[in-house]
Every structure is written in structure tokens, then in C-alpha cells.
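One structure is given here, and the rest of the page talks about it.
For this chain, numbers begin at 1 and follow the sequence in order.
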Amino acid sequence: METESHTIAKEIGVANKQTIRWNDFVLRFLAFVVTLVAAIVLGVSKQNELVPVQLVPTLPPINVPASAKWSYMSAFVYFVIVNAIACAYAVISLVLSLANKGKTKGLSLTIILFDLIMMALLYSSVGAAAAVGLIGYKGNTHVRWNKVCDVFGKFCGQVVAAIAISLVGSILFLLLVLLATVNLHKNIRH
């Protein structure tokens with residue numbers, strides 16, 4: 001009787017490790033896809049428009065060609081680069097975690113540390129891009145910065161979509177860190 005309950009406990013432990021591995025695999029794969037999509041959505045965003053500029057109030061406005069592109073703002077460049085780095089890291093960590101299968105604790109701790117770094121980088125890039133996007137959407141009357149989303153609506157829509165997608169990637173890396181923390185807590189208790 002006692003050995004039967006011990007066997008069941010071992011089976012439950014094995015099932016929990018399998019579930020954890022699948023959770024880790026799914027979260028890492030989703031993080032790869034989401035950060036790749038966020039980098040692509042903002043990386044291909046570009047819009048050209050004719051903007052009327054009034055030089056003298058008595059003359060008609062002159063239409064000047066203007067373009068909005070992600071590479072014109074350093075916050076958007078940072079956003080695209082961080083999402084590309086997180087995407088590449090997600091693939092590398094996916095391969096390493098599948099190869100490791102929890103055998104090497106040093107590698108597991110390194111992966112957890114880099115998950116935490118990726119999460120921090122993604123959150124900072126989302127914050128930077130959102131701040132610049134908000135200025136583009138609302139402008140700033142105190143320093144006479146005009147709204148640009150009135151003119152470049154498609155570009156601003158792509159920026160918002162990329163920020164939202166990358167925020168999901170940040171949350172996925174947060175879940176990976178939380179999952180690893182729970183696993184560490186379980187390993188310490190048993």
C-alpha cells in the first residue's frame with residue numbers, strides 16, 4: 001500500500017515535469033513568433049504623404065512631400081533591435097531548453113537569467129516606443145510639436161500594433177520567469 005502511493009507520487013512528479021516542459025516550450029515558441037511579428041510590423045512601416053506648409057499667411061500653402069519611417073526615431077530603432085534580439089534569443093533558448101531537459105542546473109539558471117534580461121529589454125523598448133508614439137499621437141503644445149498621426153495614420157496604426165504585439169512578448173517572457181521561479185521553489189521544497 002505504501003509503495004503504491006509512492007509510485008503514484010512519482011508518476012505525478014513526472015507528469016508535472018512533462019507539463020512544465022510543454023509550458024516552457026509553448027511559451028518560448030510563442031515568444032519567438034510574437035517578437036518576430038512585432039519587429040516585422042514596425043520594421044516595414046513607412047508612409048509617404050504630401051503635407052501642406054503655409055510659409056506666408058497671404059499665400060496658398062505649398063505641398064511638401066514628407067515620409068514617416070521607423071528608422072527616423074531612435075526609440076523605434078531600439079524597439080526593432082530589441083525585438084529582433086528577443087526573437088533570436090527565444091529560438092536559441094528553445095533549442096537549449098529542449099536539449100537540456102532540466103539536467104544541467106547551470107544552463108537552466110543561465111536561461112532564466114537571460115529570460116529576465118529579455119523581459120526587461122522588451123518592457124523598456126515598449127515604454128520607449130509608446131512614449132514617442134504618444135507624442136506623435138497627441139503632440140506637445142508646450143514645445144510646439146504638432147500631431148503627426150493626423151497626417152501619417154497608417155504609420156501610427158502600425159506602431160500601435162507593433163507595441164501591442166511586443167507587449168504580449170514581454171508578458172510571455174514574464175511568464176517564463178514566473179514558471180522558472182515556481183519550479184525553483186518546488187525543487188527547493190522537495
Side-chain angles (χ1 to χ4, degrees), residues 9-46 69-134 155-190:
K10 279 187 178 180
E11 288 176 9
I12 290 172
V14 169
N16 285 341
K17 284 185 181 182
Q18 236 8 45
T19 303
I20 290 167
R21 280 194 210 126
W22 274 106
N23 289 343
D24 188 69
F25 174 80
V26 168
L27 288 174
R28 286 187 194 285
F29 181 76
L30 288 175
F32 159 69
V33 170
V34 167
T35 54
L36 177 66
V37 169
I40 289 172
V41 166
L42 190 57
V44 300
S45 63
K46 181 180 178 182
K69 192 175 179 183
W70 68 274
S71 61
Y72 295 163
M73 296 294 294
S74 59
F76 293 155
V77 172
Y78 176 63
F79 180 89
V80 170
I81 289 172
V82 165
N83 275 281
I85 289 169
C87 175
Y89 167 74
V91 170
I92 292 167
S93 68
L94 182 63
V95 170
L96 288 175
S97 66
L98 287 175
N100 185 32
K101 295 182 182 178
K103 294 176 186 170
T104 310
K105 294 214 185 240
L107 182 61
S108 296
L109 289 175
T110 304
I111 290 173
I112 293 167
L113 177 66
F114 278 103
D115 286 347
L116 191 59
I117 291 169
M118 287 305 122
M119 180 192 70
L121 284 173
L122 283 169
Y123 275 120
S124 70
S125 73
V126 165
V132 169
L134 188 62
F155 176 77
C156 288
Q158 286 178 296
V159 169
V160 169
I163 289 171
I165 293 167
S166 185
L167 187 59
V168 171
S170 304
I171 292 168
L172 290 170
F173 276 105
L174 173 65
L175 291 174
L176 282 167
V177 170
L178 291 175
L179 181 67
T181 304
V182 168
N183 289 340
L184 284 174
H185 180 68
K186 285 181 181 178
N187 289 339
I188 290 171
R189 291 183 75 189
H190 292 111

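For the salt bridge (Lys or Arg N to Asp or Glu O under 4.0 Å) condition, no pair includes a residue of residues 162-178, sequence neighbours left out. For residues 171-180, no residue pair satisfies the side-chain hydrogen bond (donor to acceptor under 3.5 Å, both in side chains) rule, not counting sequence neighbours.
Looking at residues two or more places apart in sequence or on another chain, you find no side chain to side chain contact (heavy atoms under 4.5 Å, CB included) involving Val95. Shown here are the side chain to side chain contact (heavy atoms under 4.5 Å, CB included) partners of Ile165, two or more places apart in sequence or in another chain: Val34, Val37, Ala38, Val41. In this structure, the side chain to side chain contact (heavy atoms under 4.5 Å, CB included) partners of Ala128, at least two apart in sequence or on a different chain, are Ala75, Tyr78. Judged as a side-chain hydrogen bond (donor to acceptor under 3.5 Å, both in side chains), and not counting sequence neighbours, the contacts of Ser93 are Arg28. In this structure, the side chain to side chain contact (heavy atoms under 4.5 Å, CB included) partners of Met119, at least two apart in sequence or on a different chain, are Leu116, Tyr123, Phe173, Leu174.
Here the straight-line distance linking atom CG of Leu36 with atom CD1 of Ile40 works out to 4.0 Å at 0.5 Å rounding. Rounded to the nearest 0.5 Å, atoms CD1 (Ile112) and CD1 (Ile117) are 12.5 Å apart. Rounding to the nearest 0.5 angstrom, the gap separating the CG atom in Leu109 from the CG atom in Leu113 is 9.0 Å. Rounding to the nearest 0.5 angstrom, the gap separating the CG atom in Leu167 from the CG atom in Leu172 is 10.0 Å.
Aromatic ring orientation, Phe29 versus Phe32: tilted (interplanar angle from 30° to 60°).
Considering every non-hydrogen atom in both Ser45 and Phe155, the closest pair reads OG-CE1, 3.3 Å. The two atoms that bring Ser170 and Leu122 nearest to each other are OG-CB, 3.2 Å, heavy atoms only. Scanning both residues, Gln158 and Lys46, for their nearest heavy atoms gives OE1-N, 4.1 Å.
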Contacts table for residues 80-91: side-chain donor-acceptor under 3.5 angstrom, sequence neighbours left out:
| unit_1 | atom_1 | unit_2 | atom_2 | d |
| --- | --- | --- | --- | --- |
| Asn83 | OD1 | Ser166 | OG | 3.0 |
| Asn83 | ND2 | Phe79 | O | 2.9 |
| Asn83 | ND2 | Ser166 | OG | 3.3 |
| Tyr89 | OH | Ile111 | O | 2.9 |
| Tyr89 | OH | Asp115 | N | 3.3 |
| Tyr89 | OH | Asp115 | OD1 | 2.6 |

